[in-house]
Engineer: 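This is the structure I have questions about; it appears just below.
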Amino acid sequence: MQNVREHEISLIMQEPHVFEFVQKYGLHGFLIYKPEEPDYIWLNIQILRYLGFAPPSHILKKSKAEEYLKFSNWKELILKIKQDPEKSGQIRLKTSRGHFRKFSYKVIQLPDGALIFALEEQKQNVIQQLSDNIAGGTSSEEISQMKKRFELKRLFIEQAPSAIAMFDNDLKYIAVSKRWLKDYHIENIDVVGKSHYEIFPEIGEDWKKIHQECLSGAIHSMDEECFVRADGSKNWITWEVRPWYNSENRIGGIIMHTADITDIKNSEAENHRKQELMEKVLESVEVGIVACDAKGNLTLFNKATKDWHGLPAKPVPKEELSMHYGLYNADGTRALEQHEIPLIKAFNNGSIANEVIRIRPVRGEEITVSVNGVQLFDHDGNLDGAVVAMHNINHRLQAEKKLRISEQTFRGSFEHAAIGMAILDINGNWLSVNKSLCNIIGYTEEELRKLTFQDITHPDDLNSDLNLLNELVAGQREFYHMEKRYFHKNGSIVFIKLAVSLVRDHKGRPLHFVSQITDITKEKIASEKLRSTLNKLEGIFNASTHVSIISTDSEGRIESFNKGAERMLGYTQTEVSQQLNVTAIHVSKELESFSKNLFSDYENYDLPQFLNKISNSKNLKNKDWTYVRKDGTEFPVQLAITSISDNGENTGYLFMAIDITNLKIVEEELSSVMTITQEQNARLKNFAHIVSHNLRSHSSNIGMLLDLAMRDYPELKKNEIFSHLNNASGNLSETIEHLNEVTLINTAVEENLGAVNLCKSVENITHSITAIAARQNVDIYNNIAEDIHVLGVPAYIDSILLNFMTNAVKYSSSERDAFIKLSANVLGDGFVRIDIEDNGLGIDLKKHGRKLFGMYKTFHKHKDSRGIGLFITKNQIEALQGKVQVQSAPGQGTTFSIYLKNYDKS
């Protein structure tokens, strides 16, 4: 290290490990020693201030070592540090008053041999500090005053009526009040000299942080906080923590002042609980509670009351209460007079009991209530209001009516229930049974009366039934359900689901059992069939020797491996189950190729991601793959990969594969046949060209001969047959021309494919049809981006665009401002979609949709409509391996969507 100048200390401390070292261990500062200047040291501002010296105006102060250290000891220390592997120890530094203070140090050595000492003072309690002051030359009078102040402070703390404790810098008790000892239940512990954290080991890091901040000069307080003791008990306290200072105006420790407010908090919590309970009770009970004050104003109107009246409480004159809240006499024949209202009556008379009135709300059901009420008095015994409780007795009034019909209703339900029902006495004898039960077990009611349920119960189920029955009688349960078997009268087994409840008399003694019996024989048979089916499916799984079926977990580890997989791959189920990964039966290069299609960063993916992606990929989940046998040989398979889910969570994958080795051989043969077919198609195309050319020659000759005949014999023009013959010749020539044009569409397309700029093509065609567009008052908007290119033949692209655009102009509407809008979008599947939208006459697709692109199909009565343009255009699009779609409605316009391959420069 070079000579340390004041401005260079920042460079030293910028070295991360040095800065971290000083921050961690140099609580009270640091000093620097350089071997090239052994008689000097450099001290920073922090340590100088701590020793009581005026800090320098710069970061470091260079001084002779002997001014702050016992120089001989210092030299010995330097020699020792070079051999000390721990680089730590203690040194003494001289204060401004001339006495020494002990510091612990840790040393870090820089590459040039310089040493940086991180310093932290060794803490002492107050008594030791007083001794140091004496040793350091403090006068006896000062010491006496210090002792008096300290004793006074300790006496004050000990006798204080509140909880106060005084600590030194190590959080050891110096003085503590009796209230502190009582509040924290430590009266029997001599805490002076002991660590606060020893007395209260439950103190957390948040409190320790507060203590350290206060030892640095901060003051913390809290109005209320819950302090949880080690034994789980809680103390609510209000507290303040602040530092105290010694005679040198340095922090000597902290003072804590707390007040136990646990009783207050508990009282508040209890009051809150009672208030909350009362409010919840009033709002949840099905009893209407209404109260008023001494002036008759409503003070309580609970939820049940609001629901019954359909109105909230509001200031209403007493004389209007009956009409406002719909209060009527018990018969509901008249509104209550003011003095008859239960609340007023209770207020005036002292109390009411079982008064019956009727409430007729504005909206809702009319109810009858029984009202009880009393007066309310304040703490001085003065009348303070009244309160009434209203009970809805609609159910009670209806009880007699229900009681009259209950037996008939029960009897009807019992007799005509869709399930079997029975009433049995306490011994299991049948007292009454319905028709459904008789149908289930084949006995008549008379026959059953001679039996007990034990007589027709399967013996294997009887004990379980009797145990549950005994628990029901003993009051250990209110009902029970079980499945059991009955013997049908014909001897067959009937599976039933039984539900039993017990009816008791008014004294709680058992009267009889009510049983509900549901026939579940069909369900049991179906369950057995399902179990059998599952067994068969498992058999099919294992018997499928020509189909490989492999299931894995979500991580790709093989779990099941059928016989077909064993036959194809040469492994056994035991060899692969949870021991082999599914990648072991695939070709690694093939997996890498597929992963390139699925992941942008295909080198950093994991197998679960790969399986999840590929099972959801339309292009790859059902595809030809290559399997690798145990012996290393490879063979092609048609593989379907499906994810297995449970409640929406992926739990694994199913791999179903068929060996397509023979299919591949057939494909090669088929490919050979296709080659021959293509050659034959080429010959047919040549034949079509020849036929088209020869027919065109003959058609031209016929037309020429007819023309010559009309020149030589003008009178033939008037001959109807000759006129028809001349028209037919012209139509034949036009048809041959159209056929020749269609034939030529697919010729040499691939050789002429290239990049075609859509925007420029549209601009060129727009210029060429400007005149006819202007004549028809049609505006053309080219919204295609300049950088979009399609793969095609320029002449075809121009022909396609020209045909659609001229059609849009031709069939524009004169009833609105006509337009043609062209736009294009590059799709993710390698195609470009070109939309040509107009607001012209439109096409009835329901009527003409199927023949829209047919030859000689027209859909408007236009004088030059020939029906060949869309046919040729569609053939041109398909020759470029594209497609065309249309959306149209009569009177609204048409949008043609053309899909052509995107031109990719790569």
Engineer: Are the side chains of I517 and I419 in touch, meaning some heavy atoms are under 4.5 Å apart?
Structural biologist: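 The answer is no; the side chains never approach within 4.5 Å.
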Engineer: Run the side-chain contact (heavy atoms from CB on, under 4.5 Å) test against K303 and tell me which residues pass, sequence neighbours left out.
Structural biologist: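 Checked K303 against side-chain contact (heavy atoms from CB on, under 4.5 Å); matches are E283, D307.
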Engineer: Could you tell me whether Y325 and F301 have their ring centroids closer than 6.0 angstrom?
Structural biologist: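 They qualify: ring centres under 6.0 Å apart.
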Engineer: Would D631 and T633 satisfy side-chain hydrogen bond (donor to acceptor under 3.5 Å, both in side chains), going step by step from the backbone distance to the final call?
Structural biologist: CA-CA 6 Å; D631 61 9; T633 58; 2.7 Å; yes
Engineer: Without swapping roles, check the side chain of R358 against the backbone of L327 for a donor-acceptor pair under 3.5 Å.
Structural biologist: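 No, because the side chain of R358 does not come within donor-acceptor range (under 3.5 Å) of the backbone of L327.
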Engineer: Would you name the heavy atoms of H586 and Y627 that are closest together and state the gap between them?
Structural biologist: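 Shortest heavy-atom contact: CE1-CE1, 3.5 Å.
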Engineer: Hey, is CD on E286 packed in by over 12 heavy atoms from elsewhere, all under 6.0 Å?
Structural biologist: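 No, not enclosed.
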Engineer: Please name all residues satisfying side-chain contact (heavy atoms from CB on, under 4.5 Å) with V473, sequence neighbours left out, ordered by chain then number.
Structural biologist: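 Here the qualifying residues are I426, P510, F513.
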Engineer: Does A657 offer a backbone N or O that forms a donor-acceptor pair with the side chain of Q638 under 3.5 Å?
Structural biologist: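 No.
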Engineer: Would you say the side chains of N490 and S492 form a donor-acceptor pair under 3.5 Å?
Structural biologist: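 N490 vs S492: donor-acceptor pair found between side chains.
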Engineer: Show the nearest heavy-atom pair for residues P636 and T661, with the distance to one decimal.
Structural biologist: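 Looking at all heavy atoms of both residues, the shortest contact is CD-OG1, 3.6 Å.
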Engineer: For the CZ atom of F495 and the CG atom of D519, what is their distance to the nearest 0.5 Å?
Structural biologist: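 With rounding to 0.5 Å, CZ (F495) is 10.5 Å from CG (D519).
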Engineer: Does F831 reach the side chain of K883, with side-chain heavy atoms less than 4.5 Å apart?
Structural biologist: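 SC-SC contact between F831 and K883 ruled out.
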Engineer: Within the 4.5 Å heavy-atom criterion, are L498 and M482 side-chain neighbours or not?
Structural biologist: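 Yes. Closest side-chain heavy atoms under 4.5 Å.
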Engineer: If you compare all heavy atoms of A422 against all heavy atoms of V433, which two are closest, and at what distance to 0.1 Å?
Structural biologist: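 The pair with the smallest heavy-atom distance is CB-CG1, 3.8 Å.
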Engineer: Grab the two heavy atoms, one from V369 and one from N392, that are nearest each other, plus how far apart they are.
Structural biologist: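 For V369 and N392, the tightest heavy-atom pair comes out as CG1-CA, 4.1 Å.
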Engineer: Taking E483 for the side chain and K497 for the main chain, is one N or O donor matched with an acceptor at less than 3.5 Å?
Structural biologist: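 The answer is no, because no donor-acceptor pair under 3.5 Å joins these two groups.
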Engineer: Give a yes or no on whether the backbone of N429 and the side-chain of N427 come within a donor-acceptor separation of less than 3.5 Å.
Structural biologist: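 Checked: no pair found.
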Engineer: Do side-chain atoms of R557 reach the backbone of N581 as a donor and acceptor pair under 3.5 angstrom?
Structural biologist: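 Absent.
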Engineer: Tell me yes or no: between the side chains of E566 and T572, is some donor less than 3.5 Å from an acceptor?
Structural biologist: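 No donor-acceptor contact under 3.5 Å links the two side chains.
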Engineer: What residue among L654, I585, N562 forms side-chain contact (heavy atoms from CB on, under 4.5 Å) with I550?
Structural biologist: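 Per the side-chain contact (heavy atoms from CB on, under 4.5 Å) rule, the option paired with I550 is I585, out of L654, I585, N562.
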Engineer: If you round to the nearest 0.5 Å, how far is CG of L502 from CZ of R509?
Structural biologist: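 It comes to 13.0 Å.
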Engineer: Looking only at heavy atoms, what is the nearest atom pair of R629 and D659, with distance?
Structural biologist: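 Where R629 meets D659 most closely, the heavy atoms are NH2-OD2, 4.2 Å.
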Engineer: If I take atom CE from residue M421 and atom OG from residue S436, how far apart are they, to the nearest 0.5 angstrom?
Structural biologist: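 Those atoms lie 10.0 Å apart.
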Engineer: Examine distances only and state if a side-chain atom of N470 and a backbone atom of L466 form a donor-acceptor pair shorter than 3.5 Å.
Structural biologist: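 Looks like yes, one N/O pair under 3.5 Å.
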Engineer: What are the two closest non-hydrogen atoms of T626 and E590, and how far apart are they?
Structural biologist: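 Minimum heavy-atom separation between T626 and E590: N-OE1, 2.8 Å.
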Engineer: Would you compute the distance between atom CG of N650 and atom CG of D553 and round it to the nearest 0.5 angstrom?
Structural biologist: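 With rounding to 0.5 Å, CG (N650) is 10.0 Å from CG (D553).
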Engineer: F655: which residues meet the ring-ring contact (aromatic ring centres under 6.0 Å, His included) condition with it, sequence neighbours left out?
Structural biologist: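 If we apply the ring-ring contact (aromatic ring centres under 6.0 Å, His included) test to F655, skipping adjacent residues, there are no hits.
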Engineer: Check the pair S548, V637 against side chain to side chain contact (heavy atoms under 4.5 Å, CB included), reporting the backbone distance first and the verdict last.
Structural biologist: CA-CA 10 Å; S548 167; V637 295; over 6 Å; no
Engineer: Passes side chain to side chain contact (heavy atoms under 4.5 Å, CB included), L448 versus I441? Steps please.
Structural biologist: CA-CA 10 Å; L448 281 174; I441 56 179; 3.8 Å; yes
Engineer: Check for a donor-acceptor pair, side chain of D461 on one end and backbone N or O of R485 on the other, with a separation under 3.5 Å.
Structural biologist: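 Yes: the side chain of D461 pairs with the backbone of R485.
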Engineer: Checking K435 now: which residues fulfil salt bridge (Lys or Arg N to Asp or Glu O under 4.0 Å) with it, not counting sequence neighbours?
Structural biologist: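 None.
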Engineer: Please examine the side chains of I357 and V371, heavy atoms only from C-beta on, and report whether any two atoms are closer than 4.5 Å.
Structural biologist: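 Yes, their side chains come closer than 4.5 Å.
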Engineer: Please check: side-chain N/O of T452 versus main-chain N/O of G428, any donor-acceptor pairing under 3.5 Å?
Structural biologist: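 Not at all, since once roles are kept as given, no pair shorter than 3.5 Å links the two residues.
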Engineer: Would you kindly say whether S464 and N467 are connected by a side-chain donor-acceptor distance under 3.5 Å?
Structural biologist: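 Side-chain D/A pair, S464 to N467: absent.
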Engineer: A quick test of your reading: do over 12 heavy atoms of other residues, nucleotides or ligands sit less than 6.0 Å from CZ of F635?
Structural biologist: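 It does: F635 CZ has more than 12 such atoms within range.
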Engineer: Tell me, with the steps shown, if K630 and E575 meet salt bridge (Lys or Arg N to Asp or Glu O under 4.0 Å).
Structural biologist: CA-CA 11 Å; K630 182 179 179 180; E575 287 178 307; 2.5 Å; yes
Engineer: Who are the salt bridge (Lys or Arg N to Asp or Glu O under 4.0 Å) partners of E340, not counting sequence neighbours?
Structural biologist: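 Expected list: R334.
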Engineer: Report yes or no: do N302 and T305 form a side-chain donor-acceptor pair below 3.5 Å?
Structural biologist: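 Result is yes, a qualifying pair exists.
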Engineer: Listing request: all ring pair (Phe, Tyr, Trp, His ring centres under 6.0 Å) pairs with a residue in residues 449-476, at least two apart in sequence or in separate chains.
Structural biologist: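 Qualifying pairs: H458-F487.
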Engineer: For D465 and Y480: C-alpha separation, side-chain torsions, deciding distance, then whether side-chain hydrogen bond (donor to acceptor under 3.5 Å, both in side chains) applies.
Structural biologist: CA-CA 9 Å; D465 197 356; Y480 70 86; 2.6 Å; yes
Engineer: Could R360 and Y328 be counted as a cation-pi pair, given that NZ or CZ must be under 6.0 Å from the ring centre and within 45° of the axis?
Structural biologist: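 Judged by the rule, R360 and Y328 form a cation-pi pair.
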Engineer: Do the side chains of I456 and Y443 get nearer than 4.5 Å, heavy atoms only?
Structural biologist: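 The answer is yes; the side chains approach within 4.5 Å.
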Engineer: Does the ring center of H488 lie less than 6.0 Å from the ring center of Y486?
Structural biologist: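 No, the ring of H488 stays outside the 6.0 Å limit from the ring of Y486, centre to centre.
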Engineer: Charged N to carboxylate O under 4.0 angstrom, E446 versus K450?
Structural biologist: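 Salt bridge flag = no for K450 with E446.
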Engineer: Would you mind reporting whether T651 and S645 have side-chain heavy atoms less than 4.5 Å apart?
Structural biologist: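 No. Closest side-chain heavy atoms not under 4.5 Å.
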Engineer: Roughly how far apart are M656 CE and S551 OG, rounded to 0.5 Å?
Structural biologist: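 Between atom CE of M656 and atom OG of S551 there are 11.5 Å.
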Engineer: Determine, stepwise, if the pair R449 / E445 fulfils side chain to side chain contact (heavy atoms under 4.5 Å, CB included).
Structural biologist: CA-CA 6 Å; R449 287 183 184 276; E445 184 172 357; 2.8 Å; yes
Engineer: Got a sec: does the CD of E528 have more than 12 other heavy atoms crowding it under 6.0 Å?
Structural biologist: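 Yes.
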Engineer: Can you tell me how far CD of Q516 sits from OG of S501, rounded to the nearest 0.5 angstrom?
Structural biologist: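 Interatomic distance, S501 OG to Q516 CD, rounded to 0.5 Å: 7.0 Å.
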Engineer: Show your working on side chain to side chain contact (heavy atoms under 4.5 Å, CB included) between T642 and I644 and close with a plain yes or no.
Structural biologist: CA-CA 7 Å; T642 307; I644 304 170; 6.0 Å; no
Engineer: Is any side-chain heavy atom of R477 less than 4.5 Å from a side-chain heavy atom of F479?
Structural biologist: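 Not touching, per the 4.5 Å side-chain cut-off.
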Engineer: Are V514 and V500 side-chain neighbours, meaning at least one heavy-atom pair lies under 4.5 Å?
Structural biologist: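 Not in contact.
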Engineer: Taking N372 for the side chain and N354 for the main chain, is one N or O donor matched with an acceptor at less than 3.5 Å?
Structural biologist: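 Between the backbone of N354 and the side chain of N372 there is a qualifying donor-acceptor contact (under 3.5 Å).
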Engineer: Is there a donor-acceptor contact under 3.5 Å from the side chain of E355 to the main chain of I352?
Structural biologist: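 Not at all, since once roles are kept as given, no pair shorter than 3.5 Å links the two residues.
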